[in-house]
Amino acid sequence: MNRRLFTHLAFALLFLTCPCFTQAETGQNPKDSVFPLEKTIPGMSGGGLEIPEQTLTVTEKDGWLVASLVAAPDELEWQIVLAKIDPKLKPVFDVDPQFPVFSVQYGPYFVRETMGRLRVFRQSKEGETWPTLEELPSEKMVIRASRLLVVKQQSWYWICTSPNGDLKAIDALIRFQHEKLRENGCGGQTFCGNEKLGRVFQGKAQCQDEGDLLMANRCPGYLARAKVAQKAIKESLIGKPAPEISGSATFPAEGITDLEKLKGKVVLVDFWAAWCGPCCEKLPEVNRLYEKYHDQGLEVVGVHSSQNADGLEAFLEKNPLRFPVVLDDGETVKKYANSSFPHYFLIGRDGMVTWGFSHDPPSEKRIEAELAKKP
């Protein structure tokens, strides 16, 4: 996912969490509301990431409001017992039309999420009886930390929250992490002096539960699939033939971006975007490397993101580059397992990828070492 999208998401998240935020109305009288109520979250794509259409649902069960998120075609992402039904209240949905930012609010209680960054404020279950969730993982528990229970089902780790620490009486079920993405291990902690506060982690995914307030950075199904695919490419790309660079236009039009035609040269591939601040800050350095080493056999190919590329020509007119730029058709970023900008790769004279997955251009020493190799 590109940096601009993440910037928009960050601001959207701050906006959503502001106390003065005005939610969109469902247009229904709370007394006349018929459950379930649903809101569709449109699918979207960008930076090599495909996000499927998702459905946010609230339903009534045994006098409680239960919120669920299901990703197409039929994958449960989470299910949460939010609060007791109050005839004076109605659920309020808010879905951003351009970004995967959404929420459901019920009086003071809410569930909000931005690409796996989940925030929940739910009614305390102390002294209460709440409905049992229907969708429960069937395999054994692997971590316990106060209210937090982590169970594994097939390839997935799931978070279950239970005021009683009992898998038979949970009030939240959350898809947490894929087994192939827990490189940094796993663990849990019950904070000393506060048995109600727990924290667990699986790789980069983590969750902290205080009973009413829950915060999690989880890995949704679509994001896990993309990361697993990217991981496989990263593990196999170095030392292999460089994937083809494909695009809808090249600037200048006569610029050579066909890697087959550039064999015998050392090629620096620069994934960038005109709206990406760090990318633009590093373009002068890439220009400098091209000018210094071009006569020795270095070529540079810029690959501009397919997202928000309307201003590319105007940018290049104001900021001329010494090397050609191809407007990605959306496939090149996938072939190079690239999900952020800028990203740099070096391709040897033999057409093999020798170095990459760096947010900084290669050093002069590295370039000189590649140039010294015979085709």
Side-chain angles (χ1 to χ4, degrees), residues 54 56-71 74-84 104 106 109-113 116-182 184-191 194-221 223-224:
Q54 300 176 91
L56 186 59
T57 303
V58 292
T59 189
E60 183 273 339
K61 187 175 183 181
D62 299 337
W64 289 75
L65 188 77
V66 179
S68 304
L69 180 69
V70 175
D74 188 25
E75 288 191 328
L76 179 69
E77 290 293 336
W78 44 255
Q79 190 175 37
I80 298 166
V81 180
L82 195 58
K84 278 188 172 181
V104 57
Y106 191 66
Y109 306 108
F110 61 81
V111 183
R112 298 169 184 159
E113 185 164 41
R117 187 174 182 182
L118 181 67
R119 299 294 180 268
V120 179
F121 183 64
R122 61 200 192 278
Q123 184 172 340
S124 173
K125 307 301 189 303
E126 299 296 335
E128 299 283 356
T129 299
W130 62 93
T132 301
L133 298 182
E134 296 178 359
E135 301 285 349
L136 291 175
S138 59
E139 298 185 23
K140 65 178 181 180
M141 181 169 56
V142 293
I143 299 174
R144 178 195 295 271
S146 185
R147 299 169 178 266
L148 292 169
L149 311 170
V150 180
V151 298
K152 187 173 185 291
Q153 184 182 43
Q154 298 179 349
S155 300
W156 285 95
Y157 292 94
W158 291 79
I159 288 284
C160 300
T161 66
S162 171
N164 303 331
D166 182 2
L167 275 177
K168 296 180 179 179
I170 67 174
D171 66 343
L173 173 64
I174 302 166
R175 186 197 294 268
F176 190 45
Q177 180 65 291
H178 194 279
E179 65 179 358
K180 292 185 178 180
L181 300 175
R182 54 187 292 265
N184 299 327
C186 60
Q189 177 184 10
T190 299
F191 290 87
N194 189 345
E195 292 298 317
K196 296 181 180 180
L197 180 59
R199 174 182 174 271
V200 295
F201 68 90
Q202 290 274 345
K204 293 183 179 180
Q206 56 183 309
C207 178
Q208 180 169 307
D209 185 18
E210 300 178 17
D212 48 7
L213 179 64
L214 178 145
M215 299 174 289
N217 290 330
R218 69 185 192 91
C219 195
L223 186 57

Next on the checklist: With a 4.5 Å cut-off on side-chain heavy atoms, are Leu69 and Val111 touching?
Outcome noted: no
Checklist entry - Between the side chain of Lys61 and the main-chain N/O of Leu133, is any donor-acceptor distance below 3.5 Å? => result no
Next on the checklist: Determine whether Leu76 and Leu173 satisfy the following criterion, side-chain contact (heavy atoms from CB on, under 4.5 Å), listing intermediate values before the conclusion.
Outcome noted: CA-CA 9 Å; Leu76 179 69; Leu173 173 64; 4.0 Å; yes
Checklist entry - Would you say the side chain of Val70 lies within less than 4.5 Å of the side chain of Thr57, judging by non-hydrogen atoms? => result no
Checklist entry - If only atom types and distance count, is the side chain of Arg144 paired as donor or acceptor with the main-chain N or O of Gly165 below 3.5 Å? => result yes
Checklist entry - Just by modelled atom types, is the Arg182 backbone N or O under 3.5 Å from a matching donor or acceptor in the Lys180 side chain? => result no
Item to check | Ala172 versus Ile80, closest heavy-atom pair with distance | outcome: CB-CG1, 4.0 Å
Checklist outcome for this item: Nearest heavy-atom approach of Phe176 to Val200 is CZ-O, 4.1 Å
Checklist entry - Heavy atoms, side chains only, cut-off 4.5 Å: are Trp130 and Pro163 in contact? => result yes
Next on the checklist: Below 30° counts as parallel, above 60° as perpendicular, anything between as tilted: where do the rings of Phe121 and Tyr109 land?
Outcome noted: parallel
Checklist entry - Out of curiosity, Ile143 CD1 to Leu148 CG, how far, rounded to the nearest 0.5 Å? => result 9.5 Å
Checklist entry - Does the pair Asp171 and Trp64 meet the rule for a side-chain contact (heavy atoms from CB on, under 4.5 Å), with working shown? => result CA-CA 11 Å; Asp171 66 343; Trp64 289 75; over 6 Å; no
Item to check | Approximate separation, where rounding is to 0.5 Å, of Lys84 NZ and Leu65 CG | outcome: 13.5 Å
Item to check | CA sep, side-chain torsions, deciding dist, call: Glu113, Trp78, side-chain hydrogen bond (donor to acceptor under 3.5 Å, both in side chains) | outcome: CA-CA 11 Å; Glu113 185 164 41; Trp78 44 255; 2.9 Å; yes
Item to check | pair Cys219-His178: side-chain heavy atoms closer than 4.5 Å | outcome: no
Item to check | Leu167 side chain near Cys160 side chain, heavy-atom distance below 4.5 Å | outcome: yes
Item to check | Val142 side chain reached by Tyr157 side chain, heavy atoms, under 4.5 Å | outcome: yes
Checklist entry - Are any side-chain N or O atoms of Arg112 and backbone N or O atoms of Arg119, one a donor and one an acceptor, separated by less than 3.5 Å? => result no
Checklist entry - Rounded to the nearest 0.5 Å, how far does CG of Leu214 lie from CD1 of Ile174? => result 5.0 Å
Next on the checklist: Can you give me the closest heavy-atom contact between Arg122 and Gly211, atom names plus distance?
Outcome noted: CZ-O, 3.3 Å
Item to check | Rounded distance [0.5 Å steps], CD in Gln206 versus NZ in Lys204 | outcome: 11.5 Å
Checklist outcome for this item: On a heavy-atom basis, the closest approach of Lys125 and Gln123 is NZ-O, 2.9 Å
Checklist outcome for this item: CZ (Arg147) and CG (Asp166) are apart, to the nearest 0.5 Å, by 13.5 Å
Item to check | Distance-only side-chain donor-acceptor flag, Arg199 / Gln189, under 3.5 Å | outcome: no
Checklist entry - Rounded to the nearest 0.5 Å, how far apart are CZ of Arg175 and CD of Gln79? => result 13.0 Å
Item to check | Student check: side-chain heavy atoms of Val66 and Val58 closer than 4.5 Å | outcome: no
Checklist outcome for this item: Shortest non-hydrogen pair, Val104 vs Ala67, comes out as CG1-CB, 4.2 Å
Checklist entry - What heavy-atom pair brings Ala224 and Trp156 nearest, and what distance separates the two atoms? => result CB-CH2, 3.2 Å
Item to check | Gln202 and Glu179, any side-chain heavy atoms less than 4.5 Å apart | outcome: no
Next on the checklist: Going by ring pair (Phe, Tyr, Trp, His ring centres under 6.0 Å), name the residues that satisfy it together with Phe201, two or more places apart in sequence or in a different chain.
Outcome noted: none
Item to check | Gln153 side chain vs Trp158 backbone, donor-acceptor pair below 3.5 Å | outcome: no
